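As the structure is a prediction and not an experimental result, all values here were calculated from the model. Just so you know, ligand 1 is whichever comes first in the structure, and atom 1 is the first atom listed for that ligand.
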Amino acid sequence: MTTIREFHKKSIDNPDAFWGEEAKLVDWHKPFSQVLDFSRPPFAKWFVGGETNLCYNAVDRHAEKRPNDRALVFISTETDQEVVYTFAELKAEVMRMAAIMQNLGVSKGDRVLLYMPMVAEAAFAMLACARIGAIHSVVFGGFASGSLATRIDDAEPVLIVSSDAGMRGGKAVPYKGLLDEAISLAEKKPAKVLMIDRGIDKGFNKVAGRDVDYASERAKVMDADVPVTWLESSDPSYILYTSGTTGKPKGVQRDTGGYAVALTSSIKHIFCGEAGETFFATSDIGWVVGHSYIVYGPLLAGMATIMYEGTPLRPDPGIWWQIVEKYKVSVMFSAPTAARVLKKHDTAYMHKYDLSSLRHLFLAGEPLDQPTHEWLMGELGLPVIDNYWQTETGWPMLSAMPGVEKTEIRFGTPSFPVYGYNLKIFREDGTICDPDEKGIVGILPPLPPGCLSTVWGDDDRFVSTYFTLFNEPQVYSSFDWGIADKDGYHYILGRTDDVINVAGHRLGTREIEEAIQGHAAIAEVAVVGVADKLKGQMPMAFAVVKNADSIATPELAAALEKEVMKKVDSSLGAIARPSHVHFISVLPKTRSGKLLRRTIQALAEGRDPGDLTTIEDPKALEQLQKALSAAQ
Ligand code: ATP
Ligand code: MG
């Protein structure tokens, strides 16, 4: 059996042979003449001259062979809907959507912006764009009008597909007002808006001549037969903006052929999914995980995919496991933040269901702390695999790869560099770190297939943002700190702008958070560096307790704060001890579940937190401010 090491080495030493082989997982309308064109570094073109289509590979080729197999399962615990689409039905719906788009004037290369809840029509629209060569740009449904407007101006869509409302935790989140406001703010206004009316927001505003109703358009094209538009491998498939955790989001541009190959290959070697099985990613289509592992990845590999609208807790915290049992899910993908939410609830909800179909659970998006990792793996009794990647890369950069070799799962590490990624840990002078030495996670180009081909409309920004870490060598910077141990296991220590400098000692926020998370009473914690006259910076912690009883009185809270500080002293030394541990009930996060450390830090330092449009729950800020002023 090939080891991960050998597999990886082959991919780096001879990318042409390696990726030429992987490319066979995809159907090509016209074969490529060259695997890689890297004549203009750092721009990499994969499968040059080849013609293919993402929708054809994700839908048509399976609909031909297995028309009646499940393809897409839409489950909403918000509206109590459950609809199963076979590959044949999915193909029919995608062709209808494609016909509607064509009737509204969309053609190859045009942008279509999606501002949608997690409904099946969102997947139809993404696949319909892929089918006709239009470039989709999905913006997380419910984003504030300001952020939506900047994305409209950047992508210049001819059409926006939207819906009256999303639903979250039983409450309607009306979209149309936000969308109308965004369009009025935007300079590049779309000609048409296609509205999927879910009947949630009954009185939404309709703009005559611009807004078009999906149901009535669909009724006109029930027999639509829209042929696939073949695209050159490097033709863009979509634009997706990064999460905006560290500032202005960047418009990541993805190609067609490279993405198809990378995703299909990842389902085989990393996720161990097989055609005919079911993949359940709990993300949202507004994020990269939703693009790669709700919509494209599973379908490309002929798997059924679950599109779930709802929270992990309603109607009860067993809902995900109920879905796993019912649809015999074999691969599941979620985020550490969701795992920590479930950790606060009774594990009986998990054990109530037959989870024997499930082989692996993958988690990505932010650091997976050791206690949560250990807890989840113990409870589920199966490998829980941390994987590390970014919107930019489109698929995992660091992961265990059970489809290649079953390696030991260690807690707190996303394991090894994935094949195709010449990933190293770099010192600040551009040399490569020794084992156990902390540095910046970088990739020696070419970036493998599937990664961003450029920043939308801005090649210069692509180079200057990602490839100017050193003069020599040219390296893709991830903006994350990491470390690799002697055995090749990699640890992510936090973002490069998340380091705290205490009296000349550089501490990763992640290390301190990990130590605090080790305390039995703590469910979740954020640590930020706060300016300090004496020491330069001091760590400050904001913690959520598992059980409110542990901080029921000021005395109890003070005692717990001391214990937490002691815990940090014993794991990292007194230098890392937070100046304060504030207890709050919710941490400010982006809607994709990432901690907004920059925002917390600004508030703790009494500064203006700036752009807050990506925040999930504005109440978190009020709490934070209260805790801070109470401590003064
Ligand atoms: P922006 O780039 O706009 O500031 P963002 O970096 O949060 O936003 P994403 O691309 O969604 O946008 O997130 C990628 C980042 O998430 C990584 O660079 C890393 O900091 C973090 N991350 C993802 N997976 C992991 C993981 N398994 N362990 C630790 N950190 C992770
Ligand atoms: Mg980023």
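Between R340 and D369, at least one side-chain N (NZ, or NE/NH1/NH2) sits under 4.0 Å from a carboxylate O, which counts as a salt bridge.
The minimum heavy-atom distance between L178 and F143, with the atom names listed, is CD1-O, 3.9 Å. Looking at every heavy atom in both residues, P157 comes nearest to I152 through CD-O, 3.3 Å. The shortest heavy-atom contact between C272 and P402 is SG-C, 3.6 Å.
In the candidate list K594, R495, R510, R495 is nearest to atom 6 (O) of ligand 1, counting heavy atoms. If you check each of E366, H490, R598 against atom 26 (C) of ligand 1, the one with the closest non-hydrogen atom is E366. Within the set L493, V252, L596, T391, the minimum heavy-atom distance to atom 9 (P) of ligand 1 is found for T391.
Looking at P367 against ligand 1, both its backbone and its side chain come within 4.0 Å, counting heavy atoms.
Not a single heavy atom of L368 sits closer than 4.0 Å to an atom of ligand 1. Judged by the shortest distance from any of its heavy atoms, K250 lies inside the 4.0 Å radius around the atoms of ligand 1.
With ligand atoms numbered from 1 in the order given, ligand 1 contributes 24 (N), 26 (C), 27 (N) to contacts under 4.0 Å with heavy atoms of N387. Applying the 4.0 Å criterion to heavy atoms of I492 picks out, from ligand 1, the atoms 29 (C), 30 (N). Residue D386 has at least one heavy-atom neighbour below 4.0 Å for each of these atoms of ligand 1: 26 (C), 27 (N).
Partners of E437 under the salt bridge (Lys or Arg N to Asp or Glu O under 4.0 Å) rule, at least two apart in sequence or in another chain, are R427.
To the nearest 0.5 angstrom, L444 atom CG is 4.0 Å from F426 atom CZ.
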